[in-house]
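Below is one structure, written out as structure tokens; comments come after it.
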Amino acid sequence: MLEALRAPELAPLVNWTEAKPAGREAIERVHPPDYVTMLEAMAARGGGALDADTFLGPRSWESVLASAGVALAAVDQGLRAGGGTAFGVTRPPGHHALASRAMGFCFLNNVVLAARYAQQFGKKRVLIVDWDVHHGNGTQALVERDPSIRFVSMHQYPWYPGTGAADERGVGNVFNIPRPGGLAREVYAHDLLAGVDAALKGWQPDLLLVSAGFDSLAGDPLGEFTLEPDDITDWTNALRERMGTRPVVAVLEGGYRLDLLAAGVVALVRALS
């Protein structure tokens, strides 16, 4: 993915910024201190299993803090330009992470960390749009009682982690779009934007955050959606139109076939630029 973004034809479109690791203050706006301390202690012991598919390796905590820091720095970039755009290359991803539980390859919830960070700078109303093929259960759980944040998620259902039914509405701020695999790509593209329009009815966010998962592209081994990179470009352009001059910031979530991941990210960055 990084190699694809460093291609000569993209050089005029991309300004690279290296982030600092996230500090405890920013992390603890979302995650309790005891949970963070537990992860630190596990890392100091060399790591271990947190669930069936989420393992803390010897240098994982370093990566977790770096990834969270990238999400915060992406917000800085978006806000610095007023109505700017940014894409945070965040791995490990974050949208499955609950307040006190790692799961689904996720340790800290990067997009919610970014939302809480932005709110410190006056961006009080935040829209989060998640197009990863898996439901962002952690994101939903962390924001579903807060009307200042609205969450739109289109995801394969029923699929891991089993959440994300349409009747999960939070305090009216959750807009789930559960869909089966194998539908025509234009159905997914239409339905995502319809969900966004429902979230925007009578409500205007100060910032759009995108949980950009590229396992929604056709051919990814962990999903059965049929989207193509052009769909990423088209709906990113549509989202930017809806936001007007307000910032749009994306963070990386899933995507497990490397060629598709690279193609999807390039499509997103072209649209953001």
Side-chain angles (χ1 to χ4, degrees), residues 1-6 14-51 53-80 84-118 120-121 128 130 132 136 138-139 142 209-215 249-256 258 261-262 264-266 268-269 272:
M1 179 184 62
L2 292 172
E3 290 172 359
L5 288 175
R6 291 187 176 114
V14 179
N15 293 317
W16 291 89
T17 300
E18 186 170 340
K20 297 178 181 178
R24 288 284 294 243
E25 180 182 359
I27 294 170
E28 290 175 8
R29 293 192 189 106
V30 175
H31 298 280
D34 288 351
Y35 172 65
V36 182
T37 299
M38 179 274 290
L39 291 176
E40 289 178 335
M42 179 178 282
R45 298 192 300 269
L50 287 153
D51 78 356
D53 57 15
T54 308
F55 295 83
L56 198 72
R59 296 189 66 187
S60 293
W61 186 237
E62 177 184 347
S63 298
V64 170
L65 295 178
S67 184
V70 166
L72 304 181
V75 171
D76 283 334
Q77 292 301 310
L79 300 189
R80 183 171 294 130
T85 61
F87 172 58
V89 183
T90 45
R91 281 289 174 91
H95 73 153
H96 294 308
L98 298 162
S100 299
R101 181 185 171 194
M103 62 181 290
F105 317 146
C106 303
F107 301 87
L108 301 178
N109 197 297
N110 297 318
V111 76
V112 179
L113 287 171
R116 296 303 183 200
Y117 182 71
Q120 303 296 306
F121 294 94
I128 299 174
D130 187 332
D132 190 286
T139 304
L142 287 164
L209 292 173
V210 176
S211 274
F214 298 95
D215 43 11
V249 174
V251 296
L252 178 62
E253 299 287 359
Y256 304 101
L258 298 186
L261 177 61
V265 166
V266 168
L268 171 63
V269 168
L272 289 176

Rounded to the nearest 0.5 Å, what separates atom [atom1] in [X] from atom [atom2] in [Y]?
| X | Y | atom1 | atom2 | result |
| --- | --- | --- | --- | --- |
| M38 | L50 | CE | CG | 5.5 Å |
| F87 | L252 | CZ | CG | 4.5 Å |
| L72 | L113 | CG | CG | 6.0 Å |
| H96 | D53 | NE2 | CG | 8.5 Å |
| E40 | L65 | CD | CG | 7.5 Å |

Can you tell me if R101 uses its side chain to pair, donor with acceptor, with the backbone of F107 under 3.5 Å?
-> no

Under 3.5 Å donor-acceptor, S211 side chain and D130 backbone =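 No, the answer is negative, given that no donor and acceptor are paired below the 3.5 Å cut-off.
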
Can you name the ring-ring contact (aromatic ring centres under 6.0 Å, His included) partners of Y256, sequence neighbours left out?
->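 Y256 satisfies ring-ring contact (aromatic ring centres under 6.0 Å, His included) with F105 once adjacent residues are dropped.
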
So among L108, V111, V36, V112, which one has a side chain to side chain contact (heavy atoms under 4.5 Å, CB included) with V30?
->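 The option that passes is V112.
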
Is the closest side-chain heavy-atom distance between [X] and [Y] below 4.5 Å?
| X | Y | answer |
| --- | --- | --- |
| L5 | V266 | yes |
| V89 | R91 | no |
| N109 | T139 | yes |

Looking at residues at least two apart in the chain, or sitting in another chain, which of them share a salt bridge (charged side-chain N to carboxylate O under 4.0 Å, His left out) with R45?
-> none

With E25, which residues qualify under salt bridge (charged side-chain N to carboxylate O under 4.0 Å, His left out), at least two apart?
-> R29

Quick one: list whatever passes side-chain hydrogen bond (donor to acceptor under 3.5 Å, both in side chains) with R116, sequence neighbours left out.
-> Q119, D146

Just jot down the side-chain hydrogen bond (donor to acceptor under 3.5 Å, both in side chains) partners of T37, sequence neighbours excluded, or say none.
-> R24

Taking all non-hydrogen atoms of both residues into account, name the closest pair between [X] and [Y] and its distance.
| X | Y | result |
| --- | --- | --- |
| G213 | D132 | CA-OD2, 3.5 Å |
| A43 | W61 | CB-CB, 3.5 Å |
| I128 | A115 | CD1-CB, 4.4 Å |
| G136 | H95 | CA-ND1, 3.3 Å |
| A114 | V75 | CB-CG2, 3.6 Å |
| A86 | Q77 | CB-CB, 3.9 Å |

Anything under 30° is parallel, anything over 60° is perpendicular, the rest tilted; go ahead and classify Y117 against F121.
-> perpendicular

What residues, two or more places apart in sequence or in another chain, satisfy side-chain contact (heavy atoms from CB on, under 4.5 Å) together with S67?
-> T90, P92, N110

